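Predicted, not measured: the structure shown is a model, and the values here were computed from it. Naming convention: chains lettered A, B, ... in sequence-line order (proteins, then strands); numbering from 1 in each chain.
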Amino acid sequence: MAESTMQKIVSLAKRRGFIFQSSEIYGGLKACYDYGPLGVELKRNIKDAWWDDTVHRRDDVVGLDCSIIMHPDVWKASGHLAGFSDPLVDCRNCKERFRADKAPRAAAGSAITYREGGKKDGKKLPGVVGPQGYVCPVCGSGDLSGERQFNLMFRTSLGPVDPMQEILDAVDDMAKLDPAARKAKLAEIVGRSAVYLRPETAQGMFVNFLNVLNSSRMKPPFGVAQCGKSYRNEITTSNLTFRTCEFEQMELEFFVEPGTDEKWYEYWSNARYNWYISLGMKKDRLRMRPHEKSELAHYAKACVDVEYFYPFENPQGEGEWGELEGIANRTDYDLKKHSEFSGKDLSYFETETKRRFTPYVIEPAAGADRATLAFLCDAYDEEVVDKEKNDIRVVLRFHPRIAPIKVAVFPLVKKDGMPEKAEAIMKALLGEGINSFYDESGAIGRRYRRMDEVGTPWCVTVDTETLSNGTVTIRERDSMEQSRIPSEGIADYFRNRLKKSRE
RNA sequence: GCGGGCGUAGCUCAAUGGUAGAGCUCCAGCCUUCCAAGCUGGUCACGAGGGUUCGAUUCCCUUCGCCCGCUCCA
């Protein structure tokens, strides 16, 4: 079996220090990943590009950085604490697991037929509906396990006393209580100190709405942006960093006057799509997928996903559309809910018009890890340089803005003072904040190829001509073409090229 | 969490009931005056724990992790 594109990318990511599995020397931890020296640069560059384009280059968006642990009531108001867990049930006949609330209903005890083993051609067998009052959506069997809750939020405790210790201390007294009172006591002990890791950064912007309004003198339409970690106990995780329990979000909550929300929803949908294109993402691998009415979250009036065609493997072959970002019209749901639960008025009074309204929210919520993975996959290319020699080069064609290393500096050979000159150029570039890398080992061609593999857009080579007239060779990653420029002012040269790459 | 497959150097693979080889990579050096695969030397592995056995990487059990499917995905 030939290695799939995804496998090659995973290998490259590990070999070159983009992504490692977490705690690898201890056997690894499920669905947790670490970013290596190059991966952290790539992800940072993506986050910086997002912050720069979303906050710095606009006058109507400000930033925020909230704590990951928030008041538990935040999650009651948002609906996460009550609704984040869906009861799941296993079918004992066909082993299917399904959501209880989505299963076909049937009167408990009534006669039904189901398919043996859940197979399409399975024999039809008689059965009865269990006490739950629904049947398996796949085979129709009524022989089901009990309903189980899966809370998708990570719970921990705030305070120096471990609730487990409190339970142990109280266990003898609890034994004397009747079962209902015992359960209540247990829930009371756990609930007293329970706090949750945020499952999304969005709520931080909503609960700080008044703080931002009063301190920043912003008026709708305006946005609050935040970039940070969120946590969800996903039932299934897969495809490297695509779905993980700990992930980083880049979220914008854009507050607008009701009635203008649809216009702004359109605006941000286009803006977000174009953002990925501006960073070099291939158009044929990016699409906008509006949600069906039935898919919409309870708070959303409309939602569209920006999806990327990842090279994930599946039975149909390679490639699968996966969500990068969701743009939702959250209406005034969140501000109203927090008003209700906190008792604070989160509406906005417009002085000029003497009107009071609760803003609608347009939310572009992007995954930083998903974007990083998508840009990595999108950049991956194998180019046949010489068919006869079977010379194939692996290139990561990152946009210069997100490339981990911007410039590599080489001496053509390791003598005649070339290494010293090259090192001086590298240091000059570093001194100007341009991430650069020096290498003198092996043949020059091999060094170019090594830089191709990590996506460095430019290589600078010091040769004999440098020693006589001060010019150096610039080698382009994408075209492999070379040109000469003076080594004097080389930092400005690259700064300009980086600036130009934004346009 | 369920079903199926898998786990040998950094990567991709091989062999074996008597403690493991290769290619590429990596490191040191040589050679190299502009595009990989030249020469010399070197580092590095049987995911973890238990059992069977004189002896286990190989057989068995458990566990951890990975992949595929289901499921889930505010």
Report yes if a side-chain nitrogen or oxygen of [X] is closer than 4.0 Å to either non-bridging phosphate oxygen (OP1 or OP2) of [N]; otherwise report no.
X: S11(A); N: rU12(B); value: yes
X: R450(A); N: rC26(B); value: yes
X: K14(A); N: rG10(B); value: no

What's the [atom1]-[atom2] distance between [X] and [N], to the nearest Å?
X: K30(A); N: rU63(B); atom1: NZ; atom2: P; answer: 12 Å
X: R446(A); N: rU33(B); atom1: CZ; atom2: P; answer: 17 Å
X: Q7(A); N: rC68(B); atom1: CD; atom2: C1'; answer: 12 Å
X: D478(A); N: rC35(B); atom1: CG; atom2: P; answer: 18 Å
X: R449(A); N: rC34(B); atom1: CZ; atom2: C1'; answer: 11 Å
X: I25(A); N: rA45(B); atom1: CD1; atom2: P; answer: 14 Å
X: R370(A); N: rC73(B); atom1: CZ; atom2: C1'; answer: 8 Å
X: Y26(A); N: rC64(B); atom1: OH; atom2: C1'; answer: 14 Å

**Message:** Considering every strand and a 4.0 Å limit on heavy-atom distances, what is the contact class for Q482(A): base, sugar-phosphate, or nothing?
**Reply:** base
**Message:** Base, sugar-phosphate or nothing for Q21(A)? Non-hydrogen atoms, less than 4.0 Å.
**Reply:** sugar-phosphate
**Request:** Assign the ring pair W75(A) / H80(A) to parallel, tilted or perpendicular, where the plane angle (0 to 90°) is split at 30° and 60°.
**Result:** perpendicular
**Asked** Going by the angle between their ring planes, with limits at 30° and 60°, are Y267(A) and W264(A) parallel, tilted or perpendicular?
**Response** perpendicular
**Distance, P atom - from rG49(B) to rC30(B), rounded to whole angstrom** = 43 Å
**Asked** Could R497(A) and E476(A) be called an ion pair, given the rule that one side-chain N must be under 4.0 Å from one carboxylate O?
**Response** yes
**Salt bridge flag under 4.0 Å for residues R330(A) and E200(A)** = yes
**Message:** Can a side-chain donor-acceptor contact be found between D463(A) and T461(A) if the only test is distance below 3.5 angstrom?
**Reply:** no
**Message:** My understanding is that a pair needs two contacts under 3.5 Å, Watson-Crick or G-U wobble. By that rule, which nucleotide pairs with rG41(B)?
**Reply:** rC27(B)
